[in-house]
Visitor: 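Below: one structure in structure tokens.
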Amino acid sequence: MSTLSEAYSDHPLHLHHIIPLDFDSVRTLPDSHVWDTSDHALESDDRSSIPTVDLTDPDAGKLIGHACETWGVFQVTNHDIPLDLLGEVESEARRLFSLPAGQKLKALRSPGGATGYGIARISPFFNKYMWHEGFTIMGSPMDHAEELWPNDPQRFCDVMEDYQKKMKELAMTLMHLILKSLDISEEEINEVVSSGGASTALQLNSYPFCPDPNRAIGLAPHTDTSLLTILHQSTKNGLQIFKEGVGWVLVSPTYGSLVVNVGDLLHILSNAQFPSVLHRVVMKENQQRLSLAYFYSPPTDFYLSPLPSNSTQIPLYRSVSVRDYIGIKAKNLEKALSLIRI
Ligand SMILES: O=C(O)CCC(=O)C(=O)O
Ligand SMILES: [Fe+2]
């Protein structure tokens, strides 16, 4: 079975699309990082209507299905992820990003690699750089942790592995509820969501203190490639989602709740019933912001097509393997979905 790492190795990046700026060394915003931010403050005050679903609610499945259909994003509470663990992962991420730039570069993602330290994978599609540094983990981060902390790599690994295990369970629970809401049979659900096979990645994101936040962007607008993404944000604002007919809506961090968003693969599976939500990170606060994004997808050799419960409808997308879709997205970014549209 091919892995997510192999899927990314087919699309190597240039080093200038991997190496972050040494954010501590600059006192003014370099021209390379200046964006047109004129619409960043144009936020809808519809924020209170992003649905929040209590996972212990007997109607959780229906509410989640409705949220996926109307918003493509919701917040989830009572998710069983210990708040202490969320705090520990955040503090380990903070410890990592606080290292001197030279130290972080020891764990730099390789050009054909998928894991390690580097800037956002969407960077090659933009002519300016984002005010962002990230660290990608798939399974054990031991190799990179040894480069960062030769004397004490274990603590980081233990926390990250525990978090990925719990996130995977939560992602599977959510996927079951979501697919059930589409009237998919248990058998078909188990084909998509099986504990043995999944492609997952944990992305630690840091948006460092910025000398001129009003002219910078944290993360440019994009959709996630995953089936779904589960996001924890630190206490700082910045994440906005785009809702058709409404505009950009701020998703304020709420203590203890996680943000769940539909990605491209679930959009395809739902035959476009669920929007793959466009989102971005704007620089709203004059302090570092952290987020932890967990991406959940089927195995890379899994073929996705709109699910049979939608067979009364005309399928809007052709069948595509996860690996091939990752390739199409790596080359075409936001045009990827239109390229597999029937
Ligand atoms: O930092 C955030 O709130 C969003 C991160 C994100 O969109 C991503 O990692 O794909
Ligand atoms: Fe994202």
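The analysis underlying the following values was restricted to heavy atoms, covering all of them including side chains, and did not include hydrogens, waters or symmetry mates. Every number for a ligand or one of its atoms is a count from 1 in the order of the listing.
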Visitor: Examine H222 together with F125 and report whether their ring centres are nearer than 6.0 Å.
Guide: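 No, too far apart.
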Visitor: I want to know whether H33 and Y129 have ring centres closer than 6.0 Å.
Guide: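 H33 vs Y129: aromatic centres under 6.0 Å.
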Visitor: Give, rounded to 10 degrees, the angle between NE2 (H279) and OD1 (D224) as seen from the Fe ion (ligand 2).
Guide: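 Roughly 90°, rounded to 10°.
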Visitor: Does NZ or CZ of R215 come closer than 6.0 Å to the centre of the six-membered ring of W35, within 45° of the ring's axis?
Guide: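 No.
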Visitor: Quick test of your reading of the model: are K329 and E334 salt-bridged, counting only N-O distances below 4.0 Å?
Guide: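 No, K329 and E334 are not salt-bridged.
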Visitor: Among V262, V73, L265, I178, find the one that has a side-chain contact (heavy atoms from CB on, under 4.5 Å) with L228.
Guide: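 Per the side-chain contact (heavy atoms from CB on, under 4.5 Å) rule, the option paired with L228 is I178, out of V262, V73, L265, I178.
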Visitor: Could you tell me whether K165 and D162 make a salt bridge, using a distance below 4.0 angstrom between a side-chain N and a carboxylate O?
Guide: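 Between D162 and K165 there is no salt bridge, as every charged N stays at least 4.0 Å from the carboxylate O atoms.
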Visitor: Between ligand 1 and the protein, give all atom pairs where both partners are nitrogen or oxygen and the distance is under 3.5 Å, as lines of names plus distance to 0.1 Å.
Guide:
residue: ligand 1; atom: 1 (O); partner: Y207; partner atom: OH; Å: 2.7
residue: ligand 1; atom: 1 (O); partner: R289; partner atom: NH1; Å: 3.0
residue: ligand 1; atom: 1 (O); partner: S291; partner atom: OG; Å: 2.7
residue: ligand 1; atom: 3 (O); partner: R289; partner atom: NH1; Å: 3.3
residue: ligand 1; atom: 3 (O); partner: R289; partner atom: NH2; Å: 2.8
residue: ligand 1; atom: 7 (O); partner: H222; partner atom: NE2; Å: 3.2
residue: ligand 1; atom: 7 (O); partner: H279; partner atom: NE2; Å: 3.0
residue: ligand 1; atom: 9 (O); partner: N205; partner atom: ND2; Å: 3.0
residue: ligand 1; atom: 10 (O); partner: H222; partner atom: NE2; Å: 3.2
residue: ligand 1; atom: 10 (O); partner: D224; partner atom: OD1; Å: 3.3

